[in-house]
Amino acid sequence: MKEAFKLEWGQWSLDIAARPHIMGIINITPDSFSDGGDFLGVDLAVQQGLRLVEAGADILDVGGESTRPGAAQVGEQEEMDRVVPLIEALAARVPVPISVDTYKSRVAEEALRAGAAMVNDISAGRFEPQIFEVSAAAGVPLILMHMQGEPRNMQQNPVYHDLMGEIRDFLREAMEKAEAAGVPEKMIILDPGLGFGKTFDHNLALINRLKELADLGRPLLLGPSRKAFLGRILGGVPPKERDAATATVTALCAYNGAHILRVHNVDMARQALTVVGAVMHEHV
């Protein structure tokens, strides 16, 4: 049985125990692996955000720096110039919370000031621990993700002696650090980091063994969308042709205990999760 997780803060309330929630991705970057360059400019990105909400997104995740393997770093000011105007414009028009996908504390601070309501940190506070204080001061949910290494080197040779044990220990330690800095436990969401410092086999094992992270006692977020391991399963299909595979793995993740799924194609994910919900709750 799933934990009765309900996230409540400010004007927002997400009952993620009732059903898996969908986080729609908006990358305002020129170089993201799947949609880089597709939504450059605030107007295009706002239109995409509105489409994602209409399709059923419960949360929008705005990112201004690509974190694909080998990606180049973006300066703080450039990242703010990308995300802040977009978040400001979206916050005035969408009825769902906006998450800022950043590990930089100043970017998070400015994004929250502009109307963001969550922080999604791929480094779990390792790169800039001040992000804990920023999240705590704002009273918003904080997503802490497991990653071995950093984006530029994470896929060079990831090795684990105990995959799930090491991910669990990392996430527990990150959670303790966040709490010590003032983030309430009830505001923490954990992401085991599919595709971040993981081999093909690690990713498949992580999805299959997701229930082993339930004892962390926090909602689990997974981002399987269009990832390279899906392309490999399908024999080299390019990222934008992986949406059916993404919907399939999204359903598997939800069945295995994921509470929030981060995807590009919200409509297909919503259909997949509706089917999973019906089967799991026997409402057919």
Side-chain angles (χ1 to χ4, degrees), residues 2-8 11-28 32-35 38-39 44-63 86 90-91 93-101 116-118 120 141 143 145 189-192 194-195 203 207 210 219-227 229-231 233-234 237 239-284:
K2 285 200 175 184
E3 297 263 3
F5 293 125
K6 194 167 186 180
L7 288 170
E8 293 184 292
Q11 64 180 300
W12 306 110
S13 177
L14 299 177
D15 188 359
I16 53 181
R19 60 174 176 82
H21 277 45
I22 298 172
M23 175 183 266
I25 300 167
I26 308 175
N27 285 321
I28 189 159
S32 288
F33 80 97
S34 158
D35 54 357
D38 286 2
F39 308 112
L44 279 176
V46 167
Q47 291 309 312
Q48 174 65 359
L50 293 171
R51 279 193 294 270
L52 293 178
V53 171
E54 196 178 331
D58 301 290
I59 307 162
L60 293 179
D61 193 43
V62 172
L86 171 57
L90 275 173
R93 297 189 63 183
V94 297
V96 302
I98 298 164
S99 161
V100 59
D101 180 1
M118 300 173 76
N120 182 9
I143 300 160
M145 192 190 81
I189 297 164
L190 301 174
D191 179 352
L194 270 176
N203 287 318
I207 294 163
L210 191 61
L220 297 174
L221 180 151
L222 269 87
S225 195
R226 300 178 178 172
K227 290 272 167 84
F229 76 93
L230 297 174
I233 292 170
L234 298 175
V237 168
K240 287 185 182 175
E241 293 174 29
R242 297 173 190 163
D243 283 352
T246 296
T248 305
V249 80
T250 294
L252 286 167
C253 289
Y255 189 76
N256 284 339
H259 301 89
I260 304 172
L261 288 306
R262 184 178 178 275
V263 298
H264 297 86
N265 189 322
V266 167
D267 186 51
M268 286 183 79
R270 182 183 50 76
Q271 291 186 42
L273 293 175
T274 301
V275 172
V276 171
V279 171
M280 288 179 77
H281 297 101
E282 298 176 355
H283 286 164
V284 179

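Please read all numbers here as calculations on a predicted model, not as lab measurements.
- Remark: side-chain polar atoms of Asn203 are paired, donor with acceptor, to backbone N or O of Gly195 under 3.5 angstrom.
- Crowding of Glu54 atom CD: a count of heavy atoms from other residues, nucleotides or ligands under 6.0 Å not exceeding 12.
- Between Arg262 and Asp191, no side-chain nitrogen of the basic residue sits less than 4.0 Å from a carboxylate oxygen of the acidic one, so the salt-bridge criterion is not met.
- Leu261 approaches Pro20 most closely through the heavy-atom pair CD2-CB, 4.1 Å.
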Which pairs would a plain distance check flag for residues 272-279, meaning a side-chain donor or acceptor within less than 3.5 Å of a matching protein atom at least two apart in sequence or in another chain?
residue	atom	partner	partner atom	Å
Thr274	OG1	Arg270	O	2.7

Check the pair Asp101, Met23 against side-chain contact (heavy atoms from CB on, under 4.5 Å), reporting the backbone distance first and the verdict last. CA-CA 11 Å; Asp101 180 1; Met23 175 183 266; over 6 Å; no
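- Here CG of Leu52 is found 9.5 Å from NE2 of His264. Values are rounded to the nearest 0.5 Å.
- The two atoms that bring Pro224 and Val249 nearest to each other are CB-CG1, 3.4 Å, heavy atoms only.
- Although no hydrogens or angles enter the test, the distance criterion places no donor-acceptor pair under 3.5 Å between the side chain of Arg226 and the main chain of Thr246.
- In terms of heavy atoms, Ile28 sits closest to Ala45 at CD1-CB, 4.2 Å.
- For the atom pair CG of Asp58 and CH2 of Trp12, the computed distance is 11.5 Å after rounding to the nearest 0.5 Å.
- Note that the CG atom of Leu210 and the CG atom of Asn256 stand 6.0 Å from one another [nearest 0.5 Å].
- Atoms CG and NZ, from Leu14 and Lys6 in turn, are 10.0 Å apart once rounded to the nearest 0.5 Å.
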Can Leu90 and Ile26 be said to form a side-chain contact (heavy atoms from CB on, under 4.5 Å), step by step? CA-CA 11 Å; Leu90 275 173; Ile26 308 175; 3.8 Å; yes
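- Interatomic distance, Met145 CE to Ile189 CD1, rounded to the nearest 0.5 Å: 14.0 Å.
- Judged purely by atom type and a 3.5 angstrom limit, His259 uses its side chain to pair as donor or acceptor with the backbone of Leu220.
- At least one side-chain heavy atom of Pro192 sits less than 4.5 Å from a side-chain heavy atom of Leu222.
- Between atom CG of residue Leu221 and atom CE of residue Met118 there is a gap of 7.5 Å, rounded to the nearest 0.5 Å.
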Let's go through Met268 and Thr250 carefully: what are the C-alpha distance in whole Å and the side-chain angles of both, what is the deciding distance for side-chain contact (heavy atoms from CB on, under 4.5 Å) to 0.1 Å, and is it a yes or a no? CA-CA 10 Å; Met268 286 183 79; Thr250 294; over 6 Å; no
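- In terms of heavy-atom proximity, His21 sits nearest to Arg19 at ND1-O, 3.0 Å.
- Listed here is the closest heavy atom pair of Ala117 and Pro97: CB-CB, 4.1 Å.
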Begin with the C-alpha distance, continue with both residues' side-chain angles, and end with the deciding distance and a verdict on side-chain contact (heavy atoms from CB on, under 4.5 Å) for Phe229 and Ile207. CA-CA 12 Å; Phe229 76 93; Ile207 294 163; 3.8 Å; yes
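- Side-chain contact check for Val62 versus Val100: every heavy-atom pair is 4.5 Å or farther apart.
- Residues Val96 and Ile59 fail the side-chain proximity criterion, which asks for heavy atoms closer than 4.5 Å.
- Counting only distance, with no hydrogens or angles, the side chain of Asp61 and the backbone of Ile25 share no donor-acceptor pair below 3.5 Å.
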